[in-house]
Amino acid sequence: MMSEEKDIEVRKEEATAPEGVETIRTSRTYVPRTDIYEDDKKILVVADMPGVSDKDVDIMLEKKTLTIKGSAQSQVVEGASLIYSEYGVGDFERSFVVSTEIDREKIEAHMKDGVLTVSLPKAAVALARKITVNKG
Amino acid sequence: MLRRIYHPSTWQELERMQREMNRLFNESLPGRGDFSPSYPAINLWSNEEQAVLTAELAGISPDDIDIRVVGDTITISGERKADEKLENMEIRRQERGFAKFTRTLQLPFHVEADSVSANFENGVLKVTLPRAEAEKPRKITVRKS
C-alpha cells in the first residue's frame with residue numbers, strides 16, 4: 001500500500017522483563033507506541049494506551065527517568081467466549097531518559113480517547129538564551 | 001533455460017520468512033492474539049444470542065469511525081488524524097501512525113442490523129451485534145410417540 005503517511009502499526013509489542021527478573025502479575029504488559037515532540041519551551045510525550053482511563057495512569061519522573069504506566073480495563077465480555085483474537089489486553093509501561101532539565105512543578109498530563117499526553121516544561125536554566133556579542 | 005525471472009533480495013526473503021513464522025506461531029497459540037493482518041486488530045466474542053466485537057482505536061475521535069453491517073459482515077472504517085497543534089514542534093521520535101483504514105470481517109451469523117449498538121470508551125470500540133432472530137438456535141422437544 002502506497003501512502004505518504006506512516007501506516008498504523010498493528011502489532012502490540014509486549015514488554016520483556018530484564019533477564020533473571022520474574023514478574024509478579026500474570027497479565028501481560030505492553031510497550032505503548034510513543035511520539036516525542038520538542039520545542040524551545042517543552043517536551044511532549046504522546047503515548048497510545050487504549051483501554052486506560054485518566055484515573056489509571058501513573059507518571060513518575062525520577063532523576064532523569066520518566067516512567068509512564070497505565071492499567072487497562074478488562075475487555076472481557078461476560079457470558080460470551082472469545083472466538084477470534086488478534087490482540088491481547090494488558091497494562092502499559094515504558095520509560096524514557098530525559099536529558100533536559102525539567103520544571104518538575106509544572107508537569108502536566110491528560111488522557112483522551114486512550115492517548116496519554118505528558119507535557120514536560122523545560123526548566124528556566126535549560127531554556128536557550130540569546131547572547132548578544134558586544135563590539136569590542 | 002530460464003530458471004527464475006524474479007530474484008527477491010535476501011532481505012525481502014528474510015522478511016517474508018519472518019512474517020510466515022509469526023503467522024505460524026500465532027496460529028498455534030490461540031488467544032494469545034498479537035497478530036493481525038491489518039489495522040485495527042479485532043477481538044470477537046460470541047454466544048448464542050449475540051456477537052461482540054472489540055477493537056483498539058486509540059486517538060481516533062468517535063466521529064471519525066464508520067460502522068456498517070450487512071447480513072453477516074461488518075465493515076469498520078475511519079481515519080486516525082495527526083494532531084495539528086503539534087505541527088510546529090520538532091519530532092524526536094515517531095512510532096504512532098496516522099492513516100485511513102477499512103476492515104471487513106465475517107461474523108459467525110447474520111445479525112439484526114437495526115439493533116446493532118456501538119460504544120467507544122478510552123480508545124476501545126465495542127460493537128454489540130445481536131443475532132438475527134431467524135438464525136437463533138431453537139430447542140427442539142422430542143415427543144413420545
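This is a predicted model, so every value here is computed, not measured. Naming: A, B, ... by sequence-line order, numbering from 1 per chain.
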Would you say NZ of A:Lys112 has more than 12 non-hydrogen atoms from neighbouring residues, nucleotides or ligands within 6.0 angstrom? no
Where do B:Leu86 and A:Leu44 land on the side-chain contact (heavy atoms from CB on, under 4.5 Å) test, with the steps shown first? CA-CA 9 Å; B:Leu86 307 175; A:Leu44 272 186; 3.1 Å; yes
Backbone N/O of A:Asp39 and side chain of B:Glu90: donor-acceptor pair under 3.5 Å: no
Walk me through it: do B:Arg93 and A:Asp35 pass the test side-chain contact (heavy atoms from CB on, under 4.5 Å)? CA-CA 5 Å; B:Arg93 181 190 286 267; A:Asp35 289 349; 6.0 Å; no
Please check if the number of heavy atoms outside A:Lys106 that lie under 6.0 Å from its NZ is greater than 12. no
Tell me, for B:Leu105 versus chain A, whether the close heavy atoms (under 4.5 Å) come from the side chain, the backbone, both or neither. side chain
Derivation and outcome, side chain to side chain donor-acceptor pair (under 3.5 Å), residues A:Gln75 and B:Glu56: CA-CA 10 Å; A:Gln75 292 179 24; B:Glu56 293 187 331; 3.3 Å; yes
A:Glu13 portion near chain B, given a 4.5 angstrom heavy-atom threshold: neither
So which part of B:Ala55 gets closer than 4.5 Å to some heavy atom of chain A, the side chain, the backbone, both or neither? backbone
Does the salt bridge (charged side-chain N to carboxylate O under 4.0 Å, His left out) test come out yes or no for B:Arg80 and A:Asp113, once each step is laid out? CA-CA 12 Å; B:Arg80 182 151 117 150; A:Asp113 293 337; over 6 Å; no
So for A:Val76, is it side chain, backbone, both, or neither that comes closer than 4.5 Å to the heavy atoms of chain B? both
Taking every heavy-atom pair that is under 4.5 Å apart, which of A:Pro50, A:Gly114, A:Pro32, A:Ala72 has the most such pairs with chain B? A:Pro50
According to a hydrophobic-cluster definition based on side-chain heavy atoms being under 4.5 Å apart (Ile, Leu, Val, Met, Phe, Trp, Tyr only), do A:Val46 and A:Ile102 belong together? no
For B:Met89 and A:Lys42, what are the C-alpha separation, side-chain angles and deciding distance, and is it a side-chain contact (heavy atoms from CB on, under 4.5 Å)? CA-CA 9 Å; B:Met89 296 183 80; A:Lys42 61 179 182 290; 4.1 Å; yes
The reported gap from OG in A:Ser85 to CD1 in B:Ile42 (rounded to nearest 0.5 angstrom) is 11.0 Å
Chain B shares the most heavy-atom pairs under 4.5 Å, among A:Val52, A:Asp54, A:Asp48, with A:Asp48
Establish whether A:Leu66 and A:Val115 are linked, either directly or via other cluster members, by ILVMFWY side-chain heavy-atom contacts under 4.5 Å. no
I'd like to know whether CD of A:Gln73 has more than 12 heavy-atom contacts from other residues, nucleotides or ligands below 6.0 angstrom. yes
Determine whether A:Ile83 and B:Pro108 make a side-chain contact, defined as any pair of heavy atoms from C-beta on separated by less than 4.5 Å. yes
Nearest-0.5 Å distance, CE of residue A:Met49 to CG of residue B:Asn122: 12.0 Å
Looking at B:Arg68, I'd like to know if its CZ atom is crowded, meaning that more than 12 non-hydrogen atoms belonging to other residues, nucleotides or ligands lie closer than 6.0 Å. no
At what distance, to the nearest 0.5 angstrom, does CD of A:Glu86 lie from OH of B:Tyr39? 12.5 Å
Do B:Val124 and A:Val89 touch side chain to side chain, with heavy atoms closer than 4.5 Å? no
Should A:Thr34 and B:Arg96 be marked as a side-chain contact (heavy atoms from CB on, under 4.5 Å) after you check the CA-CA gap, both sets of side-chain angles, and the distance that decides it? CA-CA 6 Å; A:Thr34 308; B:Arg96 302 164 66 240; 5.6 Å; no
Do you reckon B:Ile60 sits in the same ILVMFWY cluster as B:Leu125, going by side-chain contacts under 4.5 Å, direct or chained? yes
Given B:Gln94, B:Lys85, B:Glu87, the one that forms side-chain contact (heavy atoms from CB on, under 4.5 Å) with A:Tyr37: B:Gln94
Of the listed B:Thr54, B:Val52, B:Asp83, B:Thr128, the one with the largest count of heavy-atom pairs under 4.5 Å with chain A is B:Thr54
Tell me, side chain or backbone of A:Val77 under 4.5 Å from chain B's heavy atoms, or both, or neither? both
Would you find a donor on one side and an acceptor on the other, under 3.5 Å apart, between the side chain of B:Asn47 and the backbone of A:Ser81? no
Exam field: side chain B:Asn43 to backbone A:Tyr87, donor-acceptor pair closer than 3.5 Å: yes
If Ile, Leu, Val, Met, Phe, Trp and Tyr residues are connected whenever their side-chain heavy atoms lie under 4.5 Å apart, and connections chain through other members, are A:Ile68 and A:Val31 in the same group? no
